[in-house]
Amino acid sequence: MLHRFERFSLAITEISRYWHQIAGEEMGKYGLKASHATYLVTLSRFPDGLTAPRLAELCGRDKADVSRMMSILEAKGLAVRDGANRYRGNLRLTPEGQALAQDISQRARSGLTEETRRIFYSALDSITENLRKICQEGL
């Protein structure tokens with residue numbers, strides 16, 4: 001059991017480190033931060049847009065982070081906010097933002113078959129749910 005835990009912990013740490021490095025380099029080309037990649041890809045799945053609270057929920061971030069990051073995406077012409085109310089309008093990608101999100105998604109797809117990806121995400125969802133329950137209920 002300990003060997004599995006160590007292997008899992010190391011893999012998650014390495015994945016996170018490499019993801020941040022790659023995302024930082026890629027997003028840096030556009031004057032953006034690594035975390036913008038998550039917002040871009042998430043918003044690309046919702047062409048009609050999302051409210052800030054829903055985007056925060058889907059990305060696992062707080063509303064303040066969404067507000068800061070989306071302000072930058074809006075200033076760069078990659079996202080817009082629909083509606084007159086700044087806090088309740090839907091956030092959606094512009095065509096430029098959609099193109100960038102598609103580029104990010106395409107790069108992330110390389111190297112895995114659909115079957116391998118399906119199994120991986122199923123296992124990852126189970127692990128995430130198990131860890132969530134442990135954190136909520138305590139050890």
Side-chain angles (χ1 to χ4, degrees):
M1 174 76 173
L2 187 57
H3 176 70
R4 275 193 314 207
F5 178 76
E6 289 169 336
R7 186 174 173 194
F8 173 77
S9 297
L10 179 60
I12 292 297
T13 300
E14 281 189 280
I15 288 168
S16 178
R17 186 176 73 232
Y18 294 139
W19 182 90
H20 280 91
Q21 180 181 345
I22 293 166
E25 288 174 14
E26 287 297 311
M27 294 291 93
K29 296 175 187 174
Y30 303 95
L32 300 172
K33 296 180 180 186
S35 56
H36 285 107
T38 302
Y39 291 112
L40 287 164
V41 171
T42 301
L43 280 172
S44 73
R45 296 186 349 238
F46 300 90
D48 293 332
L50 293 169
T51 63
R54 181 68 177 137
L55 183 59
E57 179 184 327
L58 290 171
C59 293
R61 305 286 168 78
D62 62 37
K63 287 185 249 177
D65 188 63
V66 169
S67 180
R68 281 189 304 274
M69 296 298 153
M70 291 309 299
S71 290
I72 294 168
L73 292 177
E74 287 178 89
K76 295 200 174 281
L78 299 170
V80 294
R81 188 180 308 266
D82 297 332
N85 186 327
R86 176 144 175 82
Y87 298 101
R88 297 196 182 217
N90 268 358
L91 301 160
R92 64 179 173 77
L93 296 179
T94 63
E96 294 82 8
Q98 193 70 19
L100 180 53
Q102 291 306 317
D103 184 48
I104 294 165
S105 293
Q106 185 63 34
R107 302 239 359 232
R109 280 197 260 299
S110 64
L112 295 176
T113 66
E114 285 303 316
E115 178 66 9
T116 302
R117 187 176 288 111
R118 185 189 64 72
I119 293 167
F120 171 75
Y121 283 120
S122 176
L124 194 59
D125 288 344
S126 294
I127 292 167
T128 302
E129 185 57 32
N130 289 341
L131 293 174
R132 183 181 297 120
K133 283 180 184 177
I134 291 169
C135 287
Q136 289 172 345
E137 297 169 5
L139 298 172

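Quick note: residue numbers are just sequence positions, from 1. Just so it is clear, the model here is predicted, and its values are computed rather than measured.
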**Student:** Can you hop from Ile104 to Leu32 via hydrophobic side chains spaced under 4.5 Å?
**Tutor:** yes
**Student:** Return the minimal non-hydrogen interatomic distance between Ala34 and Ala23, and the atom names on each side.
**Tutor:**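 Minimum heavy-atom separation between Ala34 and Ala23: CB-CB, 3.6 Å.
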**Student:** If you take all heavy atoms of Pro47 and Arg92, which pair is closest and at what distance?
**Tutor:** O-CD, 3.9 Å
**Student:** Passes side chain to side chain contact (heavy atoms under 4.5 Å, CB included), Met69 versus Asp65? Steps please.
**Tutor:** CA-CA 6 Å; Met69 296 298 153; Asp65 188 63; 3.8 Å; yes
**Student:** Which distance, rounded to the nearest 0.5 Å, do you find between the CZ of Arg45 and the OG of Ser105?
**Tutor:**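 These two atoms lie 9.5 Å from each other.
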**Student:** Does Ser9 reach the main-chain N or O of Phe5 with its side chain, forming a donor-acceptor pair under 3.5 Å?
**Tutor:**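 Checked: pair present.
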**Student:** Please walk me through it: do Val66 and Asp62 pass side chain to side chain contact (heavy atoms under 4.5 Å, CB included)?
**Tutor:** CA-CA 7 Å; Val66 169; Asp62 62 37; over 6 Å; no
**Student:** With a 4.5 Å limit on heavy-atom distance, are the side chains of Leu73 and His36 in contact?
**Tutor:**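 Yes, close enough: below the 4.5 Å cut-off.
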**Student:** What's the shortest heavy-atom distance between Ala101 and Leu93, and which atoms?
**Tutor:** CB-CD1, 4.0 Å
**Student:** Of all the heavy-atom pairs spanning Ala37 and Trp19, show the shortest one and how long it is.
**Tutor:** CB-CZ2, 4.3 Å
**Student:** First locate atom CZ of Arg54, then atom NZ of Lys63, and finally report the distance between them rounded to the nearest 0.5 Å.
**Tutor:**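 With rounding to 0.5 Å, CZ (Arg54) is 13.5 Å from NZ (Lys63).
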**Student:** May I have the step-by-step check of side chain to side chain contact (heavy atoms under 4.5 Å, CB included) for Gln98 and Leu43, ending in yes or no?
**Tutor:** CA-CA 8 Å; Gln98 193 70 19; Leu43 280 172; over 6 Å; no
**Student:** Taking the side chain as every heavy atom from C-beta outward, state whether Val41 and Gln102 have any pair of such atoms under 4.5 Å apart.
**Tutor:**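 Of all side-chain heavy-atom pairs linking Gln102 with Val41, none is under 4.5 Å.
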**Student:** Evaluate Ile22 against Arg17 for side chain to side chain contact (heavy atoms under 4.5 Å, CB included), listing each step before the verdict.
**Tutor:** CA-CA 9 Å; Ile22 293 166; Arg17 186 176 73 232; over 6 Å; no
**Student:** Can you measure from CG (Leu124) to CZ (Phe120) and round to the nearest 0.5 angstrom?
**Tutor:** 4.5 Å
**Student:** Linking I/L/V/M/F/W/Y whenever any side-chain heavy atoms sit under 4.5 Å apart, do Tyr30 and Tyr39 land together?
**Tutor:**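 Same cluster: Tyr30 reaches Tyr39 through Ile, Leu, Val, Met, Phe, Trp or Tyr contacts under 4.5 Å.
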**Student:** Decide whether Thr116 and Thr113 meet the rule of one side-chain donor and one side-chain acceptor closer than 3.5 Å.
**Tutor:** yes
**Student:** According to a 4.5 Å side-chain heavy-atom criterion applied to Ile, Leu, Val, Met, Phe, Trp and Tyr, with indirect links allowed, do Tyr18 and Ile12 form part of one hydrophobic cluster?
**Tutor:**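 As far as the 4.5 Å side-chain criterion goes, Ile12 and Tyr18 are not connected within one cluster.
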**Student:** Given the rule that I, L, V, M, F, W and Y join up when any side-chain heavy atoms are under 4.5 Å apart, are Leu100 and Ile72 in one cluster?
**Tutor:**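 Yes, Leu100 connects to Ile72 through the hydrophobic network.
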**Student:** Is there a path of hydrophobic side-chain contacts, each under 4.5 Å between heavy atoms of I, L, V, M, F, W or Y residues, that connects Met70 with Phe46?
**Tutor:** yes
**Student:** Distance from Asp125 atom CG to Arg132 atom CZ, nearest 0.5 Å?
**Tutor:**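 These two atoms lie 9.0 Å from each other.
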**Student:** Would you find a donor on one side and an acceptor on the other, under 3.5 Å apart, between the side chain of Asn90 and the backbone of Asp48?
**Tutor:** yes
**Student:** Can you confirm whether Leu50 sits close enough to Leu91 that some side-chain heavy atom of one is under 4.5 Å from a side-chain heavy atom of the other?
**Tutor:** no
**Student:** For residues Cys59 and Thr38, report the shortest heavy-atom separation together with the two atoms involved.
**Tutor:** SG-CG2, 3.9 Å
**Student:** To check you understand the geometry: which heavy-atom pair defines the closest contact between Ser35 and Arg61, and what is its length?
**Tutor:**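 Scanning both residues, the minimum pair turns out to be CB-NH1, 3.4 Å.
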**Student:** Rounded to the nearest 0.5 Å, what separation is found between the CD atom of Glu129 and the CD1 atom of Ile127?
**Tutor:**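 If I round to the nearest 0.5 Å, the distance is 12.0 Å.
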**Student:** Once you round to the nearest 0.5 Å, how far does CD of Glu6 lie from CG of Leu10?
**Tutor:** 9.0 Å
**Student:** Have Thr94 and Glu96 got a donor and an acceptor in their side chains that come within less than 3.5 Å?
**Tutor:**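 Distance-only check passes for Thr94 and Glu96.
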